[in-house]
Structures are given as C-alpha cells and as structure tokens.
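One structure is given here, and the rest of the page talks about it.
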Amino acid sequence: MFATDALHSRIYQYPTSVIKQNNRKINYRDFLMTGEYDGCNEAVKRIVPRINMDKIGAFIDEVPYLSELQRKFYKHYIKARYDLILVPTFDLAVNLEPGKTNPIIGI
C-alpha cells in the first residue's frame, strides 16, 4: 500500500522527540528499546495493553474532511508504529522472548 522505505523512515527516523539526550533529540524507538528507564518500562507495560487499534481506526473514520487516502495512511502508519515500536518495547519490558506471541496483548 505505502512504500516500505518511506514508511520505515516515518516509523524509525521521524518524528524525533522534543526530549534531548546528549544534546540531540532522541529517537522514540531507540530510546524505548534500551529498556534502561524503569518509569518508562512501567508506563509501557501499563499503556500498551490498553491500546485498541479497532477503536483508533473507528475514530479516524469519523474525522471530518479527511480523504479516504488520508484515512488509510493514518491507520496504516499508526498500526505500523504500534507493531514495530510499541509491541517490541512491551515485550522487552515484560521480558518476553522475541518472536513469541504475547498472551497479554494477543500478538
């Protein structure tokens, strides 16, 4: 649907956070995947299981003035960030082996 390279750059490189570390804006995925901040790990464990992608998709469908292409893009982009950033971070936080299905969030 969307070019893989463009999607991956939007997921892994952009946007960066306003939070700086060593005088550079941090990358969300890199920061989360270090697993070195207990407060962040606890927040991930608390929040990720509560994310409902169906409800997010339904919300996007109800936003006025978006074209069908914009709706598809936003849903695809948000789902990709969930799958490629939040789920691996959650798995790391709960010490799940990579590649295993997570019984808590079902993927």
Side-chain angles (χ1 to χ4, degrees):
M1 175 197 261
F2 298 99
T4 303
D5 290 342
L7 180 64
H8 279 261
S9 70
R10 294 269 185 245
I11 293 167
Y12 295 121
Q13 294 173 340
Y14 308 106
T16 54
S17 172
V18 296
I19 299 169
K20 290 185 177 182
Q21 193 174 44
N22 299 325
N23 224 15
R24 296 183 73 205
K25 289 183 178 183
I26 64 166
N27 173 286
Y28 293 114
R29 183 180 183 281
D30 294 346
F31 179 81
L32 291 170
M33 290 301 292
T34 65
E36 64 184 89
Y37 298 96
D38 291 336
C40 190
N41 294 334
E42 292 305 313
V44 166
K45 289 192 290 189
R46 193 174 56 250
I47 293 168
V48 171
R50 298 173 58 198
I51 295 172
N52 184 319
M53 294 306 299
D54 291 334
K55 285 184 179 181
I56 291 170
F59 172 79
I60 291 169
D61 286 337
E62 297 299 318
V63 175
Y65 309 111
L66 290 180
S67 71
E68 190 57 34
L69 180 62
Q70 289 170 313
R71 291 178 206 286
K72 286 180 182 179
F73 170 78
Y74 287 125
K75 288 190 236 181
H76 188 76
Y77 176 68
I78 291 168
K79 176 78 167 112
R81 287 181 69 91
Y82 174 77
D83 290 342
L84 299 172
I85 296 176
L86 293 177
V87 170
T89 300
F90 180 84
D91 291 347
L92 178 70
V94 297
N95 299 313
L96 185 70
E97 291 179 44
K100 295 274 186 167
T101 299
N102 190 310
I104 298 170
I105 59 177
I107 59 172

### Query
Hey, does the side chain of Asn41 reach the backbone of Gly35 with a donor-acceptor pair shorter than 3.5 angstrom?
yes
### Message
Could you report the tightest heavy-atom contact between Lys45 and Val94, atom names first, then the distance?
### Response
CD-CG1, 3.4 Å
### Message
For Ile60 versus Lys75, what's the shortest heavy-atom pair and its separation?
### Response
CD1-CG, 3.8 Å
### Query
Rounded to the nearest 0.5 Å, how far does CG of Asp61 lie from CD1 of Ile56?
12.0 Å
### Query
Can you name the closest pair of heavy atoms from Leu92 and Thr34 and give their distance?
CD2-C, 4.4 Å
### Nearest heavy atoms of Pro88 and Tyr82, plus distance in Å
CD-O, 4.4 Å
### Message
To the closest 0.5 Å, what do you measure between CG (Leu69) and NE2 (His76)?
### Response
11.5 Å
### Residue pairs involving residues 33-65 (criterion ring-ring contact (aromatic ring centres under 6.0 Å, His included); sequence neighbours excluded)
Phe31-Tyr37
### Task
Considering non-hydrogen atoms only, spot the tightest contact between Arg71 and Glu62 and give its length.
NH1-N, 4.1 Å
### Message
What's the separation between atom CD1 in Ile78 and atom CG in Asp83, rounded to the nearest 0.5 Å?
### Response
12.0 Å
### Task
Over all heavy atoms of both residues, which pair between Arg29 and Ile85 is shortest? Give the atoms and the distance, please.
CB-CG1, 4.0 Å
